[in-house]
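Reviewing the structure listed below.
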There are 2 protein chains.
Amino acid sequence: MSHTHVHESHDQLKDALDTLKQTGVRITPQRHAILEFLVQSMTHPTADDIYKALEGKFPNMSVATVYNNLRVFREVGLVKELTYGDTSSRFDFVTTEHYHVICESCGKIVDFHYPGLDEVEQLAAHVTGFKISHHRMEVYGTCQNCSHKDLH
Amino acid sequence: MSHTHVHESHDQLKDALDTLKQTGVRITPQRHAILEFLVQSMTHPTADDIYKALEGKFPNMSVATVYNNLRVFREVGLVKELTYGDTSSRFDFVTTEHYHVICESCGKIVDFHYPGLDEVEQLAAHVTGFKISHHRMEVYGTCQNCSHKDLH
DNA sequence: TACACTGTTTATAAAGATTATAAAGTAATA
DNA sequence: TATTACTTTATAATCTTTATAAACAGTGTA
């Protein structure tokens with residue numbers, strides 16, 4: 001990881017903590033650790049991933065604490081919850097807008113950017129009469145690793 | 001409901017049963033009833049909705065039967081499973097390709113059509129190296145009913 | 001018809017993720 | 001310090017979905 005990236009995630013954590021302060025949410029050691037893990041995580045972890053990752057630092061932490069704080073973070077807009085159906089939710093630290101490509105074989109999630117799909121929202125609003133707030137989109141397929149495996 | 005629509009859903013059910021025959025899936029009374037309910041349903045029901053709706057006709061039917069057969073239908077491509085996170089899956093009889101607009105207030109789901117987003121898939125493939133198979137997208141907002149309620 | 005084979009349903013238990021509850025702990029404030 | 005509100009912990013409960021095993025039904029064959 002380059003120095004730039006280190007600084008980026010440091011700043012992101014700092015910004016996130018500032019957001020908490022401004023919103024009047026207490027910064028507990030657990031919250032700090034969960035946020036820190038989310039910021040530096042590239043893997044879109046589940047609540048259980050986070051729980052397990054922080055087991056060393058907080059041997060007594062409850063799963064409920066993880067869930068509670070992820071909900072708090074979501075409510076103040078720091079974290080996005082990704083719900084891919086059959087399996088457990090994944091949590092994504094909010095940086096810039098992006099979509100996800102999901103490997104149907106190994107579950108890997110990769111970010112990609114795409115210019116906004118505002119037109120879709122406009123059409124939907126027009127056809128259905130809804131007031132649109134946002135949309136979600138994911139793309140599914142097979143990652144390079146798994147594609148190669150299939151050849152053997 | 002107009003005569004045209006009645007005929008449409010009749011044909012859809014017939015087509016679906018034909019698909020089952022061709023695929024070698026037995027058409028049991030329960031399967032017939034579940035399919036029939038799905039075809040004429042405009043509400044994207046959950047497994048439990050279906051279970052409850054058929055309670056009268058099949059007092060002894062097991063929830064597992066509903067789940068099993070929804071899986072069978074999904075595997076032969078008759079039904080699409082919609083997973084919107086925190087709540088239970090919803091099941092959608094497959095007709096033509098369409099997307100969904102979901103009311104964040106009352107949960108109502110409305111279909112809308114939009115010309116394919118092939119370009120998104122192409123970009124994702126190019127950027128990530130994935131072999132793309134499909135995508136999903138939903139639009140969220142507030143339906144007219146709920147918008148009106150908010151004014152009072 | 002009788003028999004065996006296969007797929008299906010039922011009833012129930014089990015699994016897994018998430019939420020609810022109550023008690024104990026901690027920080028902020030008067 | 002005393003009070004109050006918020007947070008964490010531990011645990012139980014809930015809810016959806018899947019697994020399992022026994023009973024049942026349909027089909028084909030001798």
Side-chain angles (χ1 to χ4, degrees), chain A residues 16-17 19-37 44-76 78-92 107, chain B residues 16-17 19-37 44-76 78-92 107:
Chain A
L17 294 173
T19 303
L20 290 188
K21 264 180 213 151
Q22 285 160 23
T23 328
V25 176
R26 280 191 201 156
I27 300 167
T28 66
Q30 291 89 338
R31 283 181 182 160
H32 190 285
I34 294 173
L35 263 186
E36 192 176 26
F37 181 77
H44 309 80
T46 64
D48 199 57
D49 291 338
I50 300 171
Y51 177 63
K52 288 211 175 67
L54 301 180
E55 222 167 23
K57 225 183 261 183
F58 299 91
N60 294 324
M61 186 168 63
S62 170
V63 211
T65 300
V66 177
Y67 278 101
N68 285 339
N69 291 329
L70 287 172
R71 178 164 35 77
V72 170
F73 296 158
R74 186 182 25 134
E75 283 166 358
V76 302
L78 285 176
V79 160
K80 198 174 273 185
E81 183 173 0
L82 314 173
T83 52
Y84 300 139
D86 49 339
T87 172
S88 32
S89 288
R90 294 172 168 282
F91 296 87
D92 195 9
Chain B
L17 295 173
T19 303
L20 289 188
K21 265 181 212 151
Q22 286 162 22
T23 328
V25 176
R26 281 192 202 153
I27 301 168
T28 66
Q30 291 90 337
R31 282 179 182 161
H32 191 283
I34 294 174
L35 264 186
E36 193 175 25
F37 181 77
H44 310 81
T46 64
D48 199 57
D49 290 339
I50 300 171
Y51 177 63
K52 289 212 174 68
L54 301 181
E55 223 168 23
K57 226 184 259 184
F58 298 90
N60 294 325
M61 186 166 64
S62 171
V63 210
T65 300
V66 177
Y67 278 101
N68 285 339
N69 291 328
L70 287 172
R71 177 163 36 76
V72 170
F73 296 158
R74 184 179 30 132
E75 283 167 359
V76 300
L78 285 177
V79 160
K80 195 173 275 185
E81 184 174 358
L82 315 174
T83 51
Y84 299 139
D86 50 339
T87 172
S88 31
S89 288
R90 295 173 169 280
F91 295 88
D92 195 9

message: For C:dT18 and A:Tyr67 - does any side-chain N or O of the residue sit under 4.0 Å from the phosphate oxygens OP1/OP2?
response: yes
query: Between A:Thr23 and A:Val25, is there a donor-acceptor pair closer than 3.5 Å when you use the side chain of the first and the backbone of the second?
result: no
task: For the side chain of B:Asn68, starting at C-beta, report the closest nucleotide among D:dC6, D:dT9, C:dT10.
output: C:dT10
field: Nearest-nucleotide pick for B:Val25, side chain only, options being C:dT8, C:dA17, C:dT10
entry: C:dT8
query: A:Asn69 has an atom CG; how far is it from atom C1' of D:dT7, in whole Å?
result: 8 Å
- request: Could you grab the distance from atom CZ of A:Arg31 to atom CG of A:Leu20, nearest 0.5 Å is fine?
  value: 7.5 Å
task: Round to a whole Å and report the spacing from CE of A:Met61 to P of C:dT26.
output: 16 Å
Heavy-atom closest pair, residues A:Thr83 and A:Ser89: CG2-OG, 3.4 Å
- prompt: Given atom CD1 of A:Ile27 and atom P of C:dT26, what is their separation to the nearest angstrom?
  reply: 18 Å
query: Measuring from A:Glu75:CD to A:Asn69:CG, what's the distance to the nearest 0.5 Å?
result: 10.5 Å
query: Does any non-hydrogen side-chain atom of B:Leu70 lie less than 4.5 Å from one of B:Glu81?
result: no
task: Give the rounded distance in Å between these two atoms: CG of B:Leu70 and P of D:dT16.
output: 14 Å
message: With rounding to the nearest 0.5 angstrom, report the CG to CZ distance, A:Leu78 to A:Phe91.
response: 13.5 Å
message: So, taking the atom named CG in B:Asn68 and the one named OG1 in B:Thr65, what distance separates them when rounded to the nearest 0.5 Å?
response: 6.0 Å
- prompt: Could you give the CG-to-P distance, from A:Asn60 to D:dT9, as a whole number of Å?
  reply: 7 Å
query: Which nucleotide in the list C:dT12, D:dT9, D:dC6 gets nearest to the side chain of B:Ser62?
result: C:dT12
message: Does anything in residues 30-37 of chain B come within less than 4.0 Å of DNA chain D? Heavy atoms only, and list the residues if so.
response: none
message: If you compare every side-chain N and O of A:Thr65 against the phosphate oxygens of D:dT9 (OP1, OP2), does one of them come in below 4.0 Å?
response: yes
query: What's the closest nucleotide to the A:Arg26 side chain, out of C:dA17, D:dT7, C:dG7?
result: D:dT7
task: Would you mind reading off the distance between B:Leu82 atom CG and D:dT16 atom P, rounded to a whole angstrom?
output: 16 Å
- prompt: What is the distance from atom CG of A:Leu17 to atom CD of A:Glu36, rounded to the nearest 0.5 Å?
  reply: 9.0 Å
query: Where along residues 45-59 of chain A does a heavy atom come under 4.0 Å from DNA chain C, residue by residue in number order?
result: none
- prompt: A:Thr28 side chain: which of C:dT10, D:dT8, D:dT16 is closest?
  reply: D:dT8
Residue pair A:Phe73 / A:Ile34, side-chain heavy-atom distance below 4.5 Å: yes
